[in-house]
Amino acid sequence: MSTETAAAAAAEVAAAPPAGWEEARSRAYAVGLAAALPAVDRPLADADGHTLAEALTTRTDLPAFPTSSVDGWAVRGEGPWRVVGRVLAGQSPPPLTHDGSTTEIATGAMVPEGTTAILRIEESTRTADGRVQGTPRPAPEWRNPGEEAYAGEELLPAGTPVDPAVIGLAASCGQDRLRVRRPPRAALLVFGDELLTSGPPGAGRVRDALGPAVPAWLRRYGCQVRPADVVGPVADTLPAHVAAVRGALATADVVCTTGGTMRGPVDHLHPTLAALGADYVVNTVAVRPGFPMLLARLVGDDGRVRFVAGLPGNPQSAIVALVSLVAPLLAGLAGRPMPVLPQAVLAEPIPGRGDYTHLALVRWDRAAGTLHPLRHVGSAMLRGLAGADGFALIRPGTSGEAGARVPVVPLPLTAGERAW
């Protein structure tokens with residue numbers, strides 16, 4: 001497609017009204033889920049960070065056999081008891097066949113058939129002739145088969161993020177491999193000749209804050225982002241933009257761009273998407289800050305669906321676009337459920353933004369369940385974001401009054417936190 005044709009095609013979508021924030025979020029999740037990454041088998045050791053593609057079930061009862069909860073004596077009948085053996089974890093003991101007999105037993109060991117009680121070692125004594133005596137506690141001191149789960153029972157649904165706890169559970173119930181979806185692969189293209197990549201800003205040029213920050217945010221949303229996947233600043237020409245996006249799409253499932261989402265003299269993202277034959281999922285969102293954001297869908301020659309997420313150049317607006325469009329898209333691609341927004345109470349009033357959704361940076365006091373608005377929250381500012389836990393959602397046509405309960409869009413604040 002020629003430069004003139006691409007520009008004309010891009011202009012055709014300019015008049016479309018912005019999508020409502022909640023509608024845009026739902027669209028992003030839906031297209032991601034429709035293009036969910038293929039399921040693959042992975043050994044347990046390689047499954048961390050993936051997502052269950054099918055429910056996790058247990059191959060046996062858990063526990064698979066009765067196991068002692070304490071160190072002590074497995075006894076049969078009334079005491080004192082004659083010692084007939086010893087059983088440790090990992091052994092299969094013979095049954096207790098006669099009343100008045102006992103087997104010494106270790107924690108986790110299989111309980112012998114015929115056992116009527118287990119006497120704790122610290123609550124036992126020995127008679128002069130070597131027999132064991134004491135009073136077993138009324139409650140059984142062992143775990144019964146199926147106490148945690150029965151064979152074939154669903155333990156976790158498809159869409160569950162795989163973490164060390166899930167891996168341990170899978171191993172305990174006899175699984176050696178998991179059917180999972182891999183983490184999405186992401187790339188970042190930084191647009192803007194005016195950007196500096198080192199040193200302080202000055203002489204009309206500003207420091208690029210998104211090139212270093214956005215990959216870290218993407219990793220916290222479960223993406224794989226390699227250093228080679230971060231490119232820029234890309235020259236402010238249409239051919240350079242087309243080449244950069246095409247190159248990133250060769251390996252990434254999602255390509256994020258920063259800047260160029262408007263239609264200024266050096267904003268080439270819309271003509272680039274037209275030249276590549278992309279379809280808009282969302283083209284601008286009625287949210288403040290962050291209005292000029294977009295999400296587009298492309299189908300490659302291999303038939304695989306890929307996405308371009310256009311983030312605004314203003315840093316806080318770019319993060320609003322991440323939480324609004326990219327986070328739900330990634331959840332869908334990974335086959336995870338749509339993120340459910342928690343709610344909390346406003347400790348102070350937050351103004352509305354008329355017909356736009358207002359995502360207001362807040363500190364979230366989880367102990368008190370309250371949200372506290374922050375200062376330094378302009379679209380181009382990052383100071384407020386650095387102290388924030390997320391955004392309070394003030395819906396269009398409303399104002400957030402102190403004491404009102406509102407949805408919260410949380411930020412993934414640590415690499416290990418589940419953001420979805």
Side-chain angles (χ1 to χ4, degrees), residues 13 16 19-42 47 49-55 157-162 178-189 214-215 217-226 229 242 244-257 261 269-270 272-285 293-311 321-340 412 418-420:
V13 300
W21 185 83
E22 289 174 291
E23 177 192 358
R25 185 170 177 264
S26 296
R27 282 191 212 168
Y29 176 73
V31 295
L33 190 61
L37 299 172
V40 294
D41 285 325
R42 288 283 184 270
H50 290 58
T51 303
L52 291 181
E54 58 185 29
T160 299
V162 178
L178 291 174
R179 189 76 172 163
V180 294
R181 300 185 197 279
R182 64 167 172 81
R185 299 187 183 110
L188 175 67
L189 303 178
V214 169
W217 287 113
L218 291 170
R219 292 186 188 102
R220 279 160 170 74
Y221 280 113
C223 278
Q224 295 177 339
V225 187
R226 304 169 304 173
D229 296 324
V242 171
V245 174
R246 182 178 282 123
L249 289 169
T251 56
D253 303 300
V254 179
V255 176
C256 292
T257 65
T261 53
L269 180 56
H270 291 282
T272 295
L273 294 175
L276 295 174
D279 296 317
Y280 286 90
V281 177
V282 174
N283 181 24
T284 71
V285 180
M293 65 179 75
L294 65 86
L295 178 63
R297 176 182 178 273
L298 302 94
V299 181
D301 294 338
D302 57 1
R304 189 161 66 86
V305 176
R306 297 168 175 86
F307 297 92
V308 173
L311 315 181
L322 273 177
V323 303
S324 301
L325 297 180
V326 180
L329 171 71
L330 295 174
L333 283 174
R336 299 185 181 186
M338 174 69 155
V340 176
R418 288 183 180 177
W420 298 333

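Residue numbers start at 1 and run along the sequence shown.
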Who pairs with [X] by side-chain hydrogen bond (donor to acceptor under 3.5 Å, both in side chains), at least two apart in sequence or on another chain?
X: E23; answer: R27
X: W21; answer: S324
X: R306; answer: D302

key: V225 and L188: CA distance, side-chain angles, deciding distance, side-chain contact (heavy atoms from CB on, under 4.5 Å) verdict   = CA-CA 8 Å; V225 187; L188 175 67; 5.8 Å; no
Roughly how far, to the nearest 0.5 Å, is the [atom2] atom of [Y] from the [atom1] atom of [X]?
X: R336; Y: L33; atom1: CZ; atom2: CG; answer: 13.0 Å
X: L52; Y: L178; atom1: CG; atom2: CG; answer: 6.0 Å
X: L322; Y: R220; atom1: CG; atom2: CZ; answer: 12.5 Å
X: R25; Y: L325; atom1: CZ; atom2: CG; answer: 10.5 Å
X: N283; Y: L295; atom1: CG; atom2: CG; answer: 10.5 Å

inquiry  = Between L294 and V285, does the side-chain contact (heavy atoms from CB on, under 4.5 Å) criterion hold? Intermediate values first, please.
reply    = CA-CA 8 Å; L294 65 86; V285 180; over 6 Å; no
request  = Would you sort out whether D229 and R185 count as a salt bridge (Lys or Arg N to Asp or Glu O under 4.0 Å), showing the intermediate values?
outcome  = CA-CA 9 Å; D229 296 324; R185 299 187 183 110; over 6 Å; no
task = Could you give me the CA-CA distance, side-chain angles and deciding distance for C223 and V254, then say whether side-chain contact (heavy atoms from CB on, under 4.5 Å) is met?
result = CA-CA 9 Å; C223 278; V254 179; 6.0 Å; no
remark   = With F307 as partner, the option from L249, V326, L333 fulfilling side-chain contact (heavy atoms from CB on, under 4.5 Å) is L333
